[in-house]
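Report on one structure; see the data block that follows.
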Amino acid sequence: MSTAPKFDPNANDQLICGLFSKKEAAQMIADGGTHIHSTTMGYRDEMARFTSALLNEKNPEPHPWQLVTNCREVSLGSSGERYKLIKRATVDMGIFSRRGYSEKVECVLEELITNGIYHAYANADGSHKYRRDSSVKLEDGEALKVRYGASQEGIFISVEDQGGRLSLEDIGSAFYRCYYNQDNQIVEDEQGSGLGLYMVFDLVTHFRVDLYPGKRTVVSCWIAGRRIAHPSIFSFNFFKRGA
Amino acid sequence: MLLDNKFNLKKKFEDGREVIYISGNLDEDARFDEVRKDQPLVFDMRGIVGVNSCGVRNWVNFMRDHKNQPITFRHCSPAIVHQMNMVPSFKGHAQVFSIYVPYACSHCDAEDRVFLDLVKGAREAPTKVPCKNCKVGKMEIDGDEQQYFAFAA
Ligand SMILES: [Zn+2]
């Protein structure tokens, strides 16, 4: 049974392992949960153990699934370049001909890049710097870093902005609204529909945010290959980094 | 979404009624101004290859604006089925007549789509179908079957 989220910032940094649906995970995230692994292996799960080790480290090492050998990094300086970049990424990763996979990857890349451009940067009064309905050329120092790579096991995607404004509370309330308030999932806001991160989380196997408040945000995802993918195996991690 | 998959809407008369074919990417540029408000609507959605979050909102608002008209979806592509599952108001009050189910070969990784006519009572997709590509392997549903059919529950 779902209860209205009571965001508890002190819930941070606790590792929760079990077998959940993404909907159940959304409730935990809305309540302030930061490290949630749904796995049949419990705390012995390799990914969960890695998260546990990371929680004791100051240095934000990548999870194992981020270490794809042929990973590329591309800089993106304007909204107009994003479709070219997405097409190039799917070709580079050799998945262009694989329809089911490329649809997922295109969706994840597009939503994360769009979020990065239109939500990461603010004016001095806190309002959004770039309007969603405008084509944007990012200023020096604002370019997004888009990383991607593919292996037999799956696909890695990450998008890094230089704003650092994506809070756990924002993610949790968006997930909660989308999973539990299905008559009212969509936001009528000129900056977007409020569905983007939910769509990404729903599509991917592992979802991780590294937030450096006011400095940068890195959203990283792993999409497991079709032979490995299982809807009950997934993780959510939110690391807030001080320095 | 990708430049070569621009949203397109085309009307055709078939068996004395209008069928609206939509294709490409359903995104913020999708427009439905030409759709009439005074008759039942039939959408053929086989050509939709991607849907982004603003496209979902466009579509849901469209469904709301046409809530008094009977609406039918037919030949829904997997991209459409995924959206119906993620965002229930995407389907809204529409009746879904038929869908495509994505399959992949466990032997050669080839992909295919199997048409499923829900009106004729085909509620379940075949578990395995022979692979036309390698002619050795069997194709299975690409993804979780229960999740894929959640919209029909
Ligand atoms: Zn085959």
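Residue numbers begin at 1 in each chain, while the letters A, B, ... track the order of the sequences.
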Positive for side chain to side chain contact (heavy atoms under 4.5 Å, CB included) with A:Ile86, one of A:Ile113, A:Leu76, A:Val146, A:Val108: A:Ile113

Spacing of A:Arg165 atom CZ and A:Asn115 atom CG [to the nearest 0.5 Å]: 11.0 Å

Plane angle bin for A:His37 and A:His206 - parallel if under 30°, tilted between 30 and 60°, otherwise perpendicular: tilted

Parallel, tilted or perpendicular: rings of A:Phe175 and A:Tyr179 (30°, 60°): perpendicular

Parallel, tilted or perpendicular, as decided by the 30° and 60° cut-offs, for the rings of A:Phe207 and A:Phe236: parallel

Top contributor to chain A contacts, counting heavy-atom pairs under 4.5 Å, from B:Asn85, B:Asp109, B:Val49: B:Asp109

Chain A contact via B:Glu140 - which portion, at a heavy-atom distance below 4.5 Å: neither

Contact leader toward chain A among B:Ala110, B:Ser106, B:Pro78, where contacts are heavy-atom pairs under 4.5 Å: B:Ser106

Lys/Arg-Asp/Glu bridge criterion (N-O < 4.0 Å) met for A:Lys129, A:Glu142: yes

Per-residue contact mode, B:Pro102 against chain A (heavy atom under 4.5 angstrom): neither

Among B:Arg57, B:Gln83, B:His82, residue most engaged with chain A (heavy-atom pairs, under 4.5 Å): B:Arg57

Engaged part of B:Val87 at the chain A interface, taking heavy atoms whose separation is under 4.5 Å: both

Pairs of heavy atoms under 4.5 Å with chain A: top-ranked of B:Gln146, B:Arg113, B:Gln147: B:Arg113

Per-residue contact mode, B:Asn61 against chain A (heavy atom under 4.5 angstrom): side chain

